[in-house]
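Please read the structure below before turning to the comments.
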Amino acid sequence: MTTLSTTAKIRYEDVEVGTELPAQTFPVTRATLVRYAGASGDFNPIHWNEKFAKEVGLPDVIAHGMFTMAEAIRVVTDWVGDPAAVAEYGVRFTKPVVVPNDDEGAVVEVSAKVAAKLDDDARTVRVDLTAMSAGQKVLGMSRAVVRLA
C-alpha cells in the first residue's frame, strides 16, 4: 500500500482514542456570508435576503452549509498542522446556522475527538466533530479521516 506524505505535526504514536482536539468558536455575521457568497458564487437569497428567507419558511438568513462545514474542519486542520492530511471528510446538515442582522451574528462552536485508530500502516485516525450553534447541533455524522505523521 502506498502512503502519501504529509507534513502533519501530530504523530500517530502520540494519539489515543478519546484524544480531544482544541475546541474553537467561529463567529458568523451577515458580512461573513456576503464574503463567502462572493468567493463561492453561491448567491442564493436565503443567505442574504431576510424577507426571502422568511417567505420560504426559514427563521432568518442562514449560513451556507458548505461554509459551516469548512469552518468545522478547521479544528482538525489546525490541530494536525496540514490541511492535506485530511483524507476524507463528510457531514450531514442537521440544522441551519441562523444569522441575525445585528452586531453579533451567530457563533459556531466546534469540538472534536479521535474516535478510532484506523490503520497503523497508513497512520490514519477517524476524528468525530461536533458543531453547535445557538444550542443546536448543526452538523451530524461529522467525521474526518486524518493521516498523521
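Numbering of residues begins at 1 and proceeds along the displayed sequence.
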How long is the straight-line distance from [atom2] of [Y] back to [atom1] of [X], given to the nearest 0.5 Å?
| X | Y | atom1 | atom2 | value |
| --- | --- | --- | --- | --- |
| M66 | E71 | CE | CD | 12.5 Å |
| L33 | N44 | CG | CG | 11.5 Å |
| E88 | T124 | CD | OG1 | 8.5 Å |
| F93 | S142 | CZ | OG | 9.0 Å |
| I73 | L129 | CD1 | CG | 5.5 Å |

If you measure from the Lys or Arg side-chain nitrogens to the Asp or Glu carboxylate oxygens, is any gap between E50 and R30 under 4.0 Å?
-> yes

Are any of the side-chain nitrogens in D128 or R126 under 4.0 Å away from the carboxylate oxygens of its partner?
->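 A salt bridge links D128 with R126.
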
State, to 0.1 Å, how close [X] and [Y] come at their nearest heavy-atom pair, and which atoms those are.
| X | Y | answer |
| --- | --- | --- |
| Q24 | R74 | NE2-O, 3.8 Å |
| V86 | T77 | CG2-CG2, 3.9 Å |
| T32 | P27 | OG1-O, 4.4 Å |
| R147 | A87 | NH2-CB, 3.3 Å |
| T19 | E16 | OG1-O, 2.7 Å |
| V138 | S133 | CG1-CB, 3.8 Å |

Shared ILVMFWY cluster between [X] and [Y], side chains joined below 4.5 angstrom?
| X | Y | answer |
| --- | --- | --- |
| I62 | V99 | no |
| M132 | V97 | no |
| V110 | V98 | no |

Residues which pass ring-ring contact (aromatic ring centres under 6.0 Å, His included) with Y36, listed by chain and number, not counting sequence neighbours |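 Partners of Y36 by the ring-ring contact (aromatic ring centres under 6.0 Å, His included) criterion, ordered by chain and then number, come out as H64, F67.
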
Under 3.5 Å donor-acceptor, W48 side chain and V34 backbone | no

Would you find a donor on one side and an acceptor on the other, under 3.5 Å apart, between the side chain of K117 and the backbone of Y12?
->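 Yes, the answer is positive, given that a donor and an acceptor are paired below the 3.5 Å cut-off.
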
Give a yes or no on whether K113 atom NZ has more than 12 heavy-atom contacts from other residues, nucleotides or ligands under 6.0 Å away.
-> no

Look at atom CD of E104 and say whether more than 12 heavy atoms of other residues, nucleotides or ligands are closer to it than 6.0 Å.
-> no

With the side chain counted from C-beta on, respond yes when M69 and Y89 share a heavy-atom pair under 4.5 Å apart, and no when they do not.
->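 Yes. Closest side-chain heavy atoms under 4.5 Å.
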
Side chains of F26 and V107: does their closest heavy-atom pair fall under 4.5 Å?
-> no

With D14 via salt bridge (charged side-chain N to carboxylate O under 4.0 Å, His left out) - residues at least two apart = R11

Cluster companions of L118 among Ile, Leu, Val, Met, Phe, Trp, Tyr (side-chain spacing under 4.5 Å) =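 Once heavy-atom contacts under 4.5 Å are chained together, L118 belongs with V145.
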
Could you go through the side-chain contact (heavy atoms from CB on, under 4.5 Å) check for L21 and V114 one step at a time?
-> CA-CA 8 Å; L21 284 60; V114 175; 4.2 Å; yes

List the steps, then state whether side-chain contact (heavy atoms from CB on, under 4.5 Å) holds for V76 with V146.
-> CA-CA 8 Å; V76 176; V146 184; 3.5 Å; yes

Yes or no on side-chain contact (heavy atoms from CB on, under 4.5 Å) for I46 and V61, after CA distance, side-chain angles and deciding distance?
-> CA-CA 5 Å; I46 64 173; V61 165; over 6 Å; no

Scan side-chain atoms only and decide if D82 and T7 contain a donor-acceptor pair under the 3.5 Å cut-off.
->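 Per modelled atom types, D82 and T7 side chains form a pair under 3.5 Å.
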
